[in-house]
Each structure stands twice: as structure tokens, then as C-alpha cells.
Novice: 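Take a look at the following structure, please.
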Amino acid sequence: MSSPSSAGPLAGRTILMSGGSRGIGLAIALRAAADGANIALLAKTDTPHPRLEGTVHTAAQQIRDAGGQALPLVGDVRNDDDITEAVLKTQGEFGGIDIVVNNASVIDLSGSLDLAAKKYDLMQDVNVRGTFLLSRAAVPALRDSANPHILSLSPPLNITPKWLGAHTGYTLAKYGMTMVTLGLAAEFAGDGIAANTLWPRTTIATAAVQNVLGGDQLMKVSRTPEVYADAAYQVMLQPSREYTGQTLVVEDVLEAAGATDFSRYAAVPGTPDDRLYPDIFLD
């Protein structure tokens, strides 16, 4: 294994991420790669998608170019065998697992009468079951890490009628991710395994926002994925025994780390903070 081209706090540490071919997951991977981290991506996109940029292979090359080691794993977080294989291959390639990032997620904001049963099942399978099974499969390896973290990209549990009723199927799936993560934080606190969630105050300029939520108009009033990546990076540096069981907000994490100016994260440079579109689930 070649040595990392740059060394930072995550140098030599190993991240297993679900998804990550593009968007927020890839941004998190690239931020860690700049330190010289090892990143294994369990993602479905083996060949280019007509509407979405990037495959697990192009993401792996970007990780290497950024200074990290990459292990692209073509698989589905819904498939138990793929999860088992991903954990074993990551351990075999890099010698262990230090961090699990539950990034894979399906979004459908349809109301309850319009939401297809298959889409309901898909959101539950990827978001909730996938988060649970991937995290669980990695626990034995995480126990051997000096600073183990589980990080899920899901929101605080805001059980107001506004958010429970906005898109019940999707809300259930995202809150399910959070409940899994908080449950693991409690269950494995004695092992020193941190488990936290992370969610942004504003929408993030990703393919999901472009294709599912609001097209070009919403992209213009969003922040770049790098804001999420920089916050995730800060979380992964925290001492796992002390920093766990929290539903964190991206901007709060960055402010705690000393950030005061978020203007560089605007998807359209110069967009004032008060013009940015608030993300869902936060009041």
C-alpha cells in the first residue's frame, strides 16, 4: 500500500461508507482523503447513470487523486451478503475499520396517498435497515479502533405535526436512520463507539436537489456539499467516548470549531445567507 501524499489527523484511518459515488458522500470522502485516509465505498453505481454524474470507480479515482486510498465495492446496502463482503474486504485491504458513514439514502417527498408501496419499502430498506445492518456488521472491527465513529446523514427527531405530516413515508425513513444511530450510541457506549447524526440547516446543491426537489432554482439558493464534508470531518476527529449520541447540525458543528463565515459555501458565490433555502426537519 502506498503512503498517503499528505498527512492529517485522519491519515491511515479507514472509513467504510454506503453510497458515495457523488454528492455529499463523495465530498466527505474527499475531505478525509486530503488527510491520507483509506475509504471503502459500498455503492451501486457501477456504470454511468443517464441523469447522475459519477460511478463508484470514478469516485475511487477522485479519492486517490486527493491523497487517499480507495476501495470501490460494487454492492447494495439492501443486500446482507454485500454488507458482509464489504466489511470483510475493507478489513482485508486496510486492516480494520475506524469510521462508518451511513450516507446511502432514498428520498421521495410524496404524500401518503401518492407514495407507491415499493418506494415506501425502498426508503425503509436503504435508509433504516441499511443503516442498521451496515453499522452492526462493522461493530466488531470498530471495537478494535482507537477512535471509532458511526456517522449517519439524518436529521434530529423533530416530532412536530409540521414535519411528521409533510411527507410521512420519507419522514419515517429519515427519523428511522436517526433512531438506529442513537440506539447504537447507547448500546455500544461501553465499547467507546461514537454514533451521531448530522444534518444541514440549508439545502445542499446535489443531484437529489436538482432532480427531485427543486431544479436549478433551488440549486441556486443552496450550499455546496463541502459544508457538510467539513462538518463531518470535525465530527470524525472528536474523541469517541465523549462525543456520542448527538443529533448534530452542520453549521453548529462548524461554529463550534471556530467558523464564522459561511459565504464560501454558497453554491452561487455572493448569495447572502438569508437568501439560502432552509432544509427540511429543522424549525
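Atoms considered below: every heavy atom in the structure, side chains included; atoms not considered: hydrogens, waters and symmetry mates. In this chain, numbering begins with 1 at the start of the sequence shown. What you are looking at is a predicted structure, and each value in this text was computed from that prediction instead of being measured.
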Novice: Taking Asp125 first and then Arg78, would you say they form a salt bridge - that is, a charged N and a carboxylate O separated by under 4.0 Å?
Specialist: no

Novice: Indicate yes or no: does Asp80 engage Arg129 in a salt bridge with an N to O separation below 4.0 Å.
Specialist: yes

Novice: Indicate yes or no: at least one non-hydrogen side-chain atom of Ile28 is less than 4.5 angstrom from one of Asn103.
Specialist: no

Novice: Working to the nearest 0.5 Å, report the span between CG of Leu153 and CG of Asn102.
Specialist: 7.5 Å

Novice: Fit a plane to each ring of Tyr265 and Phe262, take the angle between them on a 0 to 90° scale, and name the class: parallel (under 30°), tilted (30 to 60°) or perpendicular (over 60°).
Specialist: tilted

Novice: Salt bridge check, Arg223 against Asp273: does any charged N sit closer than 4.0 Å to a carboxylate O?
Specialist: yes

Novice: Kindly give the heavy-atom pair with the smallest separation between Gly20 and Leu41, and that separation in Å.
Specialist: O-CD1, 3.8 Å

Novice: Say whether, by atom type as modelled, one donor and one acceptor occur between the side chain of Asn196 and the main chain of Gln246 under 3.5 angstrom.
Specialist: yes

Novice: Can you check whether Thr14's main-chain N or O pairs, donor with acceptor, with Asp98's side chain at less than 3.5 Å?
Specialist: yes

Novice: Ignoring hydrogens and geometry, is there a side-chain-to-backbone donor-acceptor pair from Thr168 to Leu164 under 3.5 Å?
Specialist: yes

Novice: Run the salt-bridge test on Asp230 and Arg264 with the 4.0 Å N-O cut-off and return the result as yes or no.
Specialist: yes

Novice: Report yes or no: do Leu71 and Met17 belong to one cluster of Ile/Leu/Val/Met/Phe/Trp/Tyr joined by side chain heavy-atom distances under 4.5 Å?
Specialist: yes

Novice: Looking only at non-hydrogen atoms, find the nearest pair between Leu10 and Ala32 and report the distance.
Specialist: CD1-CB, 3.8 Å

Novice: Kindly give the heavy-atom pair with the smallest separation between Ala7 and Ala11, and that separation in Å.
Specialist: CA-CB, 4.1 Å

Novice: Which heavy atom of Ala195 sits nearest a heavy atom of Ala185, and at what distance?
Specialist: O-CB, 3.5 Å

Novice: To the nearest 0.5 angstrom, please state how far the OG1 atom of Thr178 sits from the CG atom of Asn158.
Specialist: 11.0 Å

Novice: Counting N and O atoms only, with roles assigned by atom type, does the side chain of Thr58 sit under 3.5 Å from a partner on the main chain of Gly54, one being a donor and the other an acceptor?
Specialist: no

Novice: Output all residues satisfying side chain to side chain contact (heavy atoms under 4.5 Å, CB included) with Asp144, sequence neighbours left out; order by chain, then residue number.
Specialist: none

Novice: Show your working on side-chain contact (heavy atoms from CB on, under 4.5 Å) between Thr45 and Arg22 and close with a plain yes or no.
Specialist: CA-CA 10 Å; Thr45 315; Arg22 61 186 70 87; 3.3 Å; yes

Novice: Are Val221 and Val268 connected into the same hydrophobic cluster when the rule is that any two of I, L, V, M, F, W, Y join if their side-chain heavy atoms are below 4.5 Å apart?
Specialist: no

Novice: Applying the side chain to side chain contact (heavy atoms under 4.5 Å, CB included) test to Met123, which of Leu115, Ile107, Val128, Thr171 qualifies?
Specialist: Leu115

Novice: Within the 3.5 Å criterion, strictly below it, is a donor on Asn147 or Ser240 matched to an acceptor on the partner's side chain?
Specialist: yes

Novice: Is it the case that more than 12 heavy atoms not belonging to Glu53 sit under 6.0 Å from its CD atom?
Specialist: no

Novice: Answer yes or no on whether Arg31 is positioned over the face of Tyr233, meaning its NZ or CZ is under 6.0 Å from the six-membered ring centre and within 45° of the axis.
Specialist: yes

Novice: Is it possible for you to say whether Leu218 and Leu276 belong to one hydrophobic cluster, with membership spreading through side-chain heavy-atom contacts below 4.5 Å?
Specialist: no

Novice: Counting only heavy atoms not in Tyr243 (residues, nucleotides, ligands), do more than 12 fall under 6.0 Å from its OH?
Specialist: yes

Novice: With no hydrogens and no angle check, is any side-chain donor or acceptor of Ser18 less than 3.5 Å from a backbone partner on Ala104?
Specialist: yes

Novice: Checking Gln124 side chain against Tyr120 main chain: does a donor-acceptor pair fall under 3.5 Å?
Specialist: no

Novice: Is there a path of hydrophobic side-chain contacts, each under 4.5 Å between heavy atoms of I/L/V/M/F/W/Y residues, joining Val56 to Leu88?
Specialist: no

Novice: Look at the side chain of His149 and the backbone N and O of Thr244, then say whether any donor-acceptor pair between them is shorter than 3.5 Å.
Specialist: no

Novice: Is there a side-chain contact between Met177 and Thr197 (heavy atoms, below 4.5 Å)?
Specialist: no

Novice: Would you check if the side chain of Asp108 reaches a backbone N or O of Ser110 as a donor-acceptor pair within less than 3.5 Å?
Specialist: yes

Novice: Taking all atoms of both residues into account, what is the closest heavy-atom pair of Tyr170 and Ile280, and its distance?
Specialist: CE2-CD1, 3.6 Å

Novice: May I ask you to test the Val126-Leu122 pair for a side-chain heavy-atom distance under 4.5 Å?
Specialist: yes

Novice: Does some side-chain heavy atom of Thr224 sit less than 4.5 Å from a side-chain heavy atom of Ile204?
Specialist: no

Novice: With a 4.0 Å cut-off on N to O distance, would you call Asp252 and Arg201 a salt bridge?
Specialist: yes

Novice: When rounded to the nearest 0.5 angstrom, what distance separates CG in Leu151 from OG in Ser135?
Specialist: 10.0 Å

Novice: May I ask you to decide if the ring planes of Phe281 and Tyr175 are parallel, tilted or perpendicular, using 30° and 60° as cut-offs?
Specialist: tilted

Novice: If we only count heavy atoms from C-beta on, is the Ile193 to Leu184 side-chain gap below 4.5 Å?
Specialist: no

Novice: Just how far is it from atom OG of Ser21 to atom NE2 of His57, taken to the nearest 0.5 Å?
Specialist: 8.5 Å

Novice: Kindly indicate whether the side chain of Trp199, heavy atoms from C-beta on, has any atom under 4.5 Å from the side chain of Val250.
Specialist: no

Novice: Taking the side chain as every heavy atom from C-beta outward, state whether Leu26 and Leu30 have any atom pair closer than 4.5 Å.
Specialist: yes

Novice: Look at the side chain of Asn127 and the backbone N and O of Lys174, then say whether any donor-acceptor pair between them is shorter than 3.5 Å.
Specialist: no

Novice: Say you draw a straight line from OG of Ser112 to CG of Leu172; how long is it, rounded to the nearest 0.5 Å?
Specialist: 8.5 Å

Novice: Roughly how far, to the nearest 0.5 Å, is the CD1 atom of Ile97 from the CD1 atom of Ile15?
Specialist: 11.5 Å

Novice: Mind checking whether Leu42 and Glu85 have side chains closer than 4.5 Å, heavy atoms only?
Specialist: no

